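Because the structure is a prediction, the values reported are computed rather than measured. Any value given below was found using the heavy atoms of this structure, including those in side chains, with hydrogens, waters and symmetry copies removed. Below, chain A is the first sequence line, B the second, and so on; all start at residue 1.
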4 protein chains.
Amino acid sequence: MAEAADDRLRLLIERIERLEEEKKGIGDDIKDVYNEAKAVGYDAKIMRQIVRLRKMKPDDRREMEMVLETYKTALGLG
Amino acid sequence: MAEAADDRLRLLIERIERLEEEKKGIGDDIKDVYNEAKAVGYDAKIMRQIVRLRKMKPDDRREMEMVLETYKTALGLG
Amino acid sequence: MAEAADDRLRLLIERIERLEEEKKGIGDDIKDVYNEAKAVGYDAKIMRQIVRLRKMKPDDRREMEMVLETYKTALGLG
Amino acid sequence: MAEAADDRLRLLIERIERLEEEKKGIGDDIKDVYNEAKAVGYDAKIMRQIVRLRKMKPDDRREMEMVLETYKTALGLG
DNA sequence: ATTTTAGGAGTGCAAC
DNA sequence: GTTGCACTCCTAAAAT
């Protein structure tokens, strides 16, 4: 019976759509926070870098930063 | 007083981090649904196309599909 | 001798930079063609879809299109 | 006469496809350089950061780095 | 281990 | 001018 299969697919799609709406809502909330930050003078792009750095394990972060410094020195970007 | 500014930035960052966690959670839920769909034989990639098509306004979708057909015919992809 | 290592890194970086410039140049050329197409009335976005479809193996493309049709029918997007 | 229009579209598409092939070729060359660099012990990910930094105007780069340092200090990532 | 795929970030363009 | 869209790039995850 094809209708059963159709329904199953439709239900899966609808679940995904609901979840994507939620996800979009949260994405909008995040955007709001960045705008709020910008309004008081913070730089959103650099805040994103901070968020990324804080996601890393401290040891990995330090290691990465050290290698970066080394390369920068080698290239005269010190 | 610099500490106040530091705190303000930190609080903004922490709000963003909390929201990103939530967002990631929902992203994982979506992934689960796709896996569930795959497990019963559906093609996730094509399901994503369906989700995209359903996001469009029906008139826009039909218009787009018509133009696409025209181009496909012109290119011998009919 | 650190300078030798520095030079090696610098040379690699410079090769990459040269290649990226070339790549950017070609990207600009592609953009020009799309603009030219738009100027005579074609829809760039749909042209991109055509390019994507033509990249696929014909059998894969037909297979994909058939599954897509099936799903669209199931969802009432026919 | 529809065939003329079809041809025009086809020719535009083919020009794009040729350019995209070239672009892909260069992309592969870039990948080769990164692999070569990796083979002698360099970290490709950090090399990409270097390439990005070198693309910036020196003043902008320094400004950005200073702000980043400020934020890192504020967040205890110093 | 290699290639593909998806998600996220940044950039530039375009429309309003 | 700024908001949104589309494209590119990069990284991480997946699949093979």
**Prompt:** To the nearest Å, how far apart are B/Ile46 CD1 and E/dT5 P?
**Reply:**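 From B/Ile46 CD1 to E/dT5 P: 12 Å.
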
**Asked** Expressed in angstrom and rounded to an integer, what is the separation of A/Lys31 atom NZ from E/dG10 atom C1'?
**Response** 13 Å

Mind checking side-chain contact (heavy atoms from CB on, under 4.5 Å) for [X] and listing every partner two or more places apart, or none if nothing turns up?
X: B/Met66; result: none
X: B/Asn35; result: B/Lys31, B/Lys38
X: B/Asp60; result: B/Met56, B/Lys57

**Request:** Run the numbers on A/Met47 and A/Val51 for side chain to side chain contact (heavy atoms under 4.5 Å, CB included), then give the verdict.
**Result:** CA-CA 6 Å; A/Met47 286 177 69; A/Val51 171; 5.5 Å; no

Measuring from atom [atom1] of [X] to atom [atom2] of [Y], what distance do you get when rounded to the nearest 0.5 angstrom?
X: C/Met64; Y: C/Asp59; atom1: CE; atom2: CG; value: 13.0 Å
X: D/Asp32; Y: D/Ile26; atom1: CG; atom2: CD1; value: 12.5 Å
X: A/Leu53; Y: B/Ile13; atom1: CG; atom2: CD1; value: 10.0 Å

**Request:** Any chance you could lay out the side chain to side chain contact (heavy atoms under 4.5 Å, CB included) test for A/Thr70 and D/Ile46, step after step, and finish with the verdict?
**Result:** CA-CA 10 Å; A/Thr70 308; D/Ile46 297 181; over 6 Å; no

**Request:** Please list all pairs passing the side chain to side chain donor-acceptor pair (under 3.5 Å) test where one or both residues lie in residues 16-30 of chain A, with sequence neighbours left out.
**Result:**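 Matches after skipping sequence neighbours: A/Glu17-B/Arg54, A/Lys24-A/Asp28.
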
**Prompt:** the helix from E/dA1-F/dT16 to E/dC16-F/dG1: angle between its terminal axes, five pairs each, to 10°?
**Reply:**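 Taking the rotation axis at each end, their angle is 10°.
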
Side chain to side chain donor-acceptor pair (under 3.5 Å) partners for [X], two or more places apart:
X: A/Arg62; value: none
X: A/Glu36; value: B/Arg15
X: C/Glu14; value: C/Arg10

Residues 71-78 of chain A, side-chain donor-acceptor partners within the protein, below 3.5 Å, at least two apart:
from    : atom 1 : to      : atom 2 : distance (Å)
A/Tyr71 : OH     : D/Asp43 : N      : 2.9
A/Lys72 : NZ     : D/Glu65 : OE2    : 2.5
A/Thr73 : OG1    : A/Glu69 : O      : 2.9

Review item, nucleotides 7-11 of chain F N/O atoms under 3.5 Å of protein N/O:
from  : atom 1 : to      : atom 2 : distance (Å)
F/dC7 : OP1    : C/Arg48 : NE     : 2.7
F/dC7 : O5'    : C/Arg48 : NE     : 3.4

**Message:** Which residues in residues 56-73 of chain A have a heavy atom closer than 4.0 Å to any atom of DNA chain F?
**Reply:**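 By residue number: none to list.
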
Please produce a list of atom pairs where a protein N or O lies less than 3.5 Å from an N or O of nucleotides 14-16 of chain E.
none

